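Every value quoted in this text rests on a predicted model; they were computed, and no experiment measured them.
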Amino acid sequence: MLKALAMDNYLDGFSSENFSCIDIPIAGATGYYHYDNYFYFLCYRSVFNNWSNDYMNECHFDFDQWMKQTNDILIKLGLRLRVHVIQDATQLRSQIKRSIDQHNPVIMPVTYGSLFYNISAYMDEPDEASAVIVSEYDEEKSVVVIRDKSHVLDVIQENQRGDPLCRLQLTEDMLWDIWEKSNQQFKKMHGFFNNKLLVIDKIDQPQIASYQDLVSDFMGHFLYKSCNFLKIIDRFNQNVATVQCHAFIVWLQRDFKNALMAFYECFEKALPPNEENTHTYAAFSQLFSEFMHVRNNIISTLHINTYRKRTLSPETMVDLKNKIVSNDQALFEFIETFYKNNPC
């Protein structure tokens with residue numbers, strides 16, 4: 001008999017251009033408890049990466065720091081991410097079944113090259129880390145159901161904006177083969193996800209149960225707080241000689257620009273559309289477009305200098321930092337004025 005945790009595909013969700021291939025499955029798994037958790041989680045990830053003291057540096061990834069930030073977000077949703085260390089196939093099967101029986105979604109870190117069904121596995125970056133959700137199992141048939149995007153890439157590239165989490169049924173042996181191959185690669189590369197299985201538990205009632213709650217929390221804890229984009233500028237000259245240009249710029253584009261689409265959309269959803277709000281939404285859309293344009297220009301400047309392994313002059317650093325500060329200030333002032341005058 002199939003035991004399943006009902007989840008949405010999130011056809012209207014986000015892609016790996018906006019968030020990491022680990023964050024999207026985690027967001028989808030949180031959606032088991034409440035549909036909008038997917039959007040809350042990703043909005044918070046973008047906010048934490050941009051405007052919190054919990055700075056995440058992609059170039060020097062720290063698993064413990066990543067876990068802390070992830071759980072700082074999840075606790076707002078009444079959830080927690082736990083790590084289980086798995087040594088063999090028996091443990092893997094047992095932990096997956098136990099978690100699903102307890103109504104806790106499972107996230108399994110994998111590498112793209114281990115996914116035999118991935119149509120681009122050996123054409124792009126087969127060693128890159130990703131994750132799949134394990135949401136169902138049938139003990140009698142020895143099958144499990146995962147949720148991923150890799151088996152529908154040819155469809156979503158044409159028709160969807162994001163990476164949907166679509167069902168795929170595998171045998172238990174197939175899942176173990178993916179697990180083994182992924183961990184062989186994790187051991188060679190960095191070991192962050194080696195032998196780790198991630199499980200999301202419900203631990204409390206959510207603090208954030210609506211988009212209005214999310215906006216209020218942002219204004220109370222993040223407005224005018226630490227700007228991590230400024231830290232990129234401060235540390236640029238000491239890193240430019242050693243950083244890998246493509247990976248660095250892809251990360252900047254993703255975390256400091258593209259991810260903020262989740263922030264923008266959540267803030268728009270906080271107030272219901274009506275005739276009175278139409279002009280305000282238009283003004284917010286225009287302001288956010290200008291905000292993104294400035295961010296993109298700054299990232300382009302960093303791209304050129306990274307490619308040429310050239311440091312920023314003191315004058316350029318001051319100019320870029322002033323642009324970041326004024327850009328953030330314009331966005332925050334709008335949010336503060338509008339939402340204080342129009343309480344959610």
Side-chain angles (χ1 to χ4, degrees), residues 1-16 18-46 66-67 69-84 86 92-110 130-139 143-152 156 160 162-170 172 175 178 193 196-211 213-214 262 265-266 269:
M1 177 180 176
L2 189 69
K3 294 191 176 181
L5 304 181
M7 296 182 189
D8 197 87
N9 292 328
Y10 289 103
L11 300 178
D12 58 343
F14 296 95
S15 78
S16 56
N18 305 99
F19 296 96
S20 79
C21 298
I22 306 291
D23 280 338
I24 291 174
I26 291 175
T30 68
Y32 165 70
Y33 299 98
H34 185 285
Y35 172 81
D36 285 323
N37 277 349
Y38 174 98
F39 300 99
Y40 300 158
F41 176 82
L42 293 178
C43 179
Y44 269 115
R45 183 66 95 191
S46 70
W66 175 82
M67 279 292 297
Q69 187 189 91
T70 301
N71 277 320
D72 284 346
I73 297 171
L74 289 176
I75 198 170
K76 294 176 180 290
L77 309 180
L79 306 173
R80 175 186 59 184
L81 186 67
R82 289 190 296 117
V83 177
H84 295 272
I86 305 298
L92 182 68
R93 294 186 183 101
S94 175
Q95 186 59 60
I96 287 173
K97 292 173 184 178
R98 185 184 306 116
S99 297
I100 292 174
D101 288 346
Q102 294 171 347
H103 302 282
N104 298 326
V106 176
I107 297 101
M108 189 173 96
V110 298
S130 184
V132 299
I133 300 172
V134 188
S135 59
E136 307 172 35
Y137 77 90
D138 190 323
E139 196 157 22
V143 298
V144 293
V145 171
I146 66 172
R147 290 179 173 271
D148 190 21
K149 55 133 187 233
S150 302
H151 55 301
V152 291
I156 65 173
Q160 302 297 337
D163 293 344
L165 299 163
C166 299
R167 295 176 75 255
L168 177 64
Q169 184 167 295
L170 306 174
E172 289 182 356
L175 190 71
I178 292 171
F193 295 110
K196 291 183 175 71
L197 195 68
L198 309 177
V199 176
I200 295 182
D201 297 339
K202 183 175 175 61
I203 58 171
D204 204 348
Q205 292 303 309
Q207 303 167 30
I208 305 300
S210 68
Y211 291 100
D213 290 342
L214 191 152
E265 291 185 11
C266 284
K269 290 175 182 177

- [ ] Report, as yes or no, whether the 6.0 Å neighbourhood of atom CD1 on I75 holds more than 12 heavy atoms from other residues, nucleotides or ligands.
- [x] no
Task: L74 vs Y44, side-chain contact (heavy atoms from CB on, under 4.5 Å): CA-CA, chis, key distance, verdict - done: CA-CA 9 Å; L74 289 176; Y44 269 115; over 6 Å; no
Task: Distance-only polar pair, side chains of N104 and R98, donor-acceptor under 3.5 Å - done: no
Open item on the list: Using 0.5 Å steps for rounding, measure from the NZ atom of K76 to the CZ atom of F41.
Closed with: 13.0 Å
Task: Point-to-point distance, once rounded to the nearest 0.5 Å, from CG of N37 to CD1 of I73 - done: 12.0 Å
Task: V145 and L168, any side-chain heavy atoms less than 4.5 Å apart - done: no
Task: Atom pair CD (E265) and CG (D12), whose distance is rounded to the nearest 0.5 Å - done: 8.5 Å
Task: Sole candidate of Y35, Y32, F19 that passes ring pair (Phe, Tyr, Trp, His ring centres under 6.0 Å) when paired with Y10 - done: Y35
TODO: Return the minimal non-hydrogen interatomic distance between L170 and L175, and the atom names on each side.
DONE: CD1-CD1, 4.3 Å
Open item on the list: With side chain to side chain contact (heavy atoms under 4.5 Å, CB included) as the test, pick out the partner of V106 among L92, V132, V134.
Closed with: V134
Open item on the list: Treating D163 as the side-chain partner and S16 as the backbone partner, does any N or O pair qualify as donor plus acceptor under 3.5 Å?
Closed with: yes
TODO: For the pair Y40 and H34, name the ring-plane relationship: parallel under 30°, tilted 30 to 60°, perpendicular over 60°.
DONE: parallel
Task: Validation row: I133, M7 side chains within 4.5 angstrom (heavy atoms) - done: yes
Open item on the list: Do D201 and R80 make a side-chain contact, defined as non-hydrogen atoms from C-beta onward lying under 4.5 Å apart?
Closed with: yes
Task: Spatial distance of atom CH2 (W66) from atom CD1 (I22) [nearest 0.5 Å] - done: 6.5 Å
- [ ] Taking all non-hydrogen atoms of both residues into account, name the closest pair between L79 and I203 and its distance.
- [x] O-CD1, 3.7 Å
Open item on the list: Between K97 and S99 (side chain of the first, backbone of the second, donor and acceptor by atom type, cut-off under 3.5 Å), is there such a pair?
Closed with: no
Task: From CA spacing to verdict: side-chain contact (heavy atoms from CB on, under 4.5 Å), L42, D23 - done: CA-CA 8 Å; L42 293 178; D23 280 338; 4.3 Å; yes
Open item on the list: Centre-to-centre under 6.0 Å for Y211 and F39, is that the case here?
Closed with: no
Open item on the list: Which heavy atom of C166 sits nearest to which heavy atom of N9, and what is that distance?
Closed with: CA-OD1, 3.9 Å
- [ ] Verify whether one side chain among R45 and T70 offers a donor that lies under 3.5 Å from an acceptor in the other.
- [x] yes
- [ ] Please check if the side chain of N18 supplies one atom and the backbone of F14 the other of a donor-acceptor pair under 3.5 Å.
- [x] no
- [ ] May I ask you to say whether K3 pairs ionically with D101, meaning some side-chain N is under 4.0 Å from a carboxylate O?
- [x] yes
TODO: Evaluate the side-chain proximity of L5 to I100: yes if any heavy-atom separation is below 4.5 Å, no if none is.
DONE: yes
Open item on the list: I'd like to check L81 versus I26 (side-chain heavy atoms, cut-off strictly below 4.5 Å). Are they in contact?
Closed with: yes
Open item on the list: Looking at every heavy atom in both D138 and L2, which two are closest together, and how far apart are they?
Closed with: OD2-N, 3.5 Å
Task: Spacing of I107 atom CD1 and I146 atom CD1 [to the nearest 0.5 Å] - done: 13.0 Å
Task: Close side-chain approach of C43 to L214, heavy-atom, < 4.5 Å - done: yes
Open item on the list: If the threshold is 4.0 Å, N to carboxylate O, is there a salt bridge linking R167 and E136?
Closed with: yes
TODO: Determine whether I200 and R82 make a side-chain contact, defined as any pair of heavy atoms from C-beta on separated by less than 4.5 Å.
DONE: no
TODO: Report the distance from atom CG of D72 to atom CE of M67, rounding to the nearest 0.5 Å.
DONE: 10.5 Å
TODO: Could you tell me which non-hydrogen atom of K149 sits nearest to which non-hydrogen atom of C21, and how far apart they are?
DONE: NZ-SG, 4.2 Å
Open item on the list: Ignoring hydrogens, what is the shortest heavy-atom contact between Q95 and V199? Give both atom names and the distance.
Closed with: NE2-CG2, 4.5 Å
Open item on the list: Determine whether D213 and Q207 satisfy the following criterion, side-chain contact (heavy atoms from CB on, under 4.5 Å), listing intermediate values before the conclusion.
Closed with: CA-CA 8 Å; D213 290 342; Q207 303 167 30; over 6 Å; no
Task: Any V83 side-chain heavy atom under 4.5 Å of L197 side chain - done: no
